[in-house]
Amino acid sequence: MGNLARGSVVELISGPQVWMESEATRQLEQVAAWTGCERAVGLPDLHPGRGSPVGAAFQFRAVVHPSLIGSDAGCGAHLTVVRKASAHGANLVRRADQHYGEALAIGDRRRLFEVAWEEGPRGLLELPGLPEGLMALAALAPMDRGLKSGPPPLALTGGDSLGTIGGGNHFAELSQVGQVSPHPLTQQLGLERGHSAVLVHSGSRGLGAALHHEWGNKACEGPSIEVYLAVLAGAVRWARTNRLLLTYRGLLALGAARADRIVSDLDVVHNGVEAEGELYLHRKGAAPAEAGAPTLLLGSRGAPSYLLAGCGRTRSLCSSAHGAGRKMTRAEARAKLKDKYLRKSLARTRLGSEVLVDDPELLYEEHPDAYKPIAPIVESLVQSGVAEVVAELLPKVTVKR
DNA sequence: ATGTTC
């Protein structure tokens with residue numbers, strides 16, 4: 001793709017084995033021409049979004065674009081690995097159904113919202129009467145060093161969806177660690193084949209949508225950058241806390257909500273902005289891939305997910321793919337896959353895992369066939385030196401509700 | 001993606 005007239009460098013990091021839509025690369029070049037854009041990197045899961053592509057990282061100078069964040073600020077993935085759980089099969093499905101079905105009762109909801117917004121996951125430790133397993137999880141969360149956000153925008157959000165998964169491709173999954181590689185992270189994170197895990201993909205729900213509405217489509221320059229980034233930091237903390245609460249439910253389902261069962265824990269934001277001086281790194285459906293740091297590549301129900309190690313490549317803006325990437329729009333998936341598959345056959349995936357959904361349309365919209373195959377994505381990331389494979393995560397029960 | 005909407 002090379003250099004555009006404005007001087008921004010556009011690069012697609014992918015391989016010939018990866019299916020790529022021309023609309024996706026067109027959108028990549030389009031955003032590369034936005035004010036302040038110096039570099040645009042498309043990752044192998046690149047696919048068209050609303051105006052801007054998903055699966056890309058952008059470097060801007062002195063400009064931040066809230067519209068690139070869109071309506072799910074802080075969206076990301078969380079992985080907690082625990083010692084092998086005793087529940088399997090139908091029992092595990094029943095337990096997942098139970099624990100993701102009932103509301104979390106954690107005292108004062110308003111206080112919970114404030115803590116999530118101002119302090120993030122670790123802030124939960126300030127709440128009185130926190131359940132033991134949740135306290136153990138919160139204690140593992142890193143200290144928040146982000147910008148302070150001021151009062152939480154309660155007026156914007158109305159009800160409180162904290163602790164809920166949401167729609168689309170968001171999910172909570174009870175998995176098993178599959179093949180592990182000899183990478184140093186395997187030992188550092190205590191990964192062993194056969195260990196259990198909770199993998200959560202979710203974001204900032206109605207809060208993110210409200211922020212999107214408020215900040216609209218205007219680019220931030222000058223002092224408004226700091227104001228927006230402070231608000232974004234609050235949304236990211238809220239989203240991280242949301243994933244932690246969802247993880248806790250998964251631990252309850254696994255019967256592993258205790259400090260001595262947890263092996264390791266990490267959270268990866270794939271929709272956000274990182275500031276370094278006057279450079280702003282936008283990740284739009286792109287996972288951080290700093291040298292030696294763990295990152296998550298999300299599968300699509302019928303496919304495994306992967307724990308990867310970043311390689312810190314500046315060519316990829318220290319970013320990796322966040323998932324398989326859509327191949328069909330939701331409408332296309334409904335139209336094409338309804339003829340191909342009976343609804344009943346979709347409760348169990350080709351990997352033998354179970355899917356729990358409230359909205360049966362999601363079985364088609366988020367069917368693995370609606371996504372690119374994940375193996376070529378992993379291959380191309382490794383071949384281009386963006387990330388290395390650490391462990392495979394095999395889904396047992398996927399919850400979407 | 002969204003207490004979303006055709």
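Keep in mind that the numbers below use all heavy atoms, side chains included, and drop hydrogens, waters and symmetry copies. A, B, ... follow the sequence lines: proteins, then strands. Residue 1 opens every chain.
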I need the [atom1]-[atom2] distance between [X] and [N], as an integer number of Å.
X: Arg330(A); N: dT4(B); atom1: CZ; atom2: P; answer: 16 Å
X: Glu365(A); N: dC6(B); atom1: CD; atom2: P; answer: 15 Å
X: Arg334(A); N: dT5(B); atom1: CZ; atom2: P; answer: 14 Å
X: His212(A); N: dT2(B); atom1: NE2; atom2: C1'; answer: 9 Å
X: Asp72(A); N: dT4(B); atom1: CG; atom2: P; answer: 15 Å
X: Leu162(A); N: dT2(B); atom1: CG; atom2: P; answer: 14 Å
X: Glu214(A); N: dT2(B); atom1: CD; atom2: C1'; answer: 16 Å
X: Ile165(A); N: dG3(B); atom1: CD1; atom2: P; answer: 13 Å

Seminar exercise, completed: With sequence neighbours left out, the residues meeting side-chain hydrogen bond (donor to acceptor under 3.5 Å, both in side chains) with Lys338(A) are Glu361(A)
Exercise. With sequence neighbours excluded, what pairs up with Asp260(A) under the side-chain hydrogen bond (donor to acceptor under 3.5 Å, both in side chains) test?
Worked result: Arg258(A)
Check every strand shown and say whether [X] touches a base, only sugar-phosphate, or nothing at a heavy-atom separation below 4.0 Å.
X: Gly203(A); result: nothing
X: Arg50(A); result: base
X: Gly49(A); result: nothing
X: His170(A); result: sugar-phosphate
X: Gly208(A); result: nothing

For this session: Please examine the side chains of Arg237(A) and Ser149(A), heavy atoms only from C-beta on, and report whether any two atoms are closer than 4.5 Å.
Result: yes
Problem set entry | Side-chain donor-acceptor contact under 3.5 Å, Glu173(A) with Thr398(A) | yes
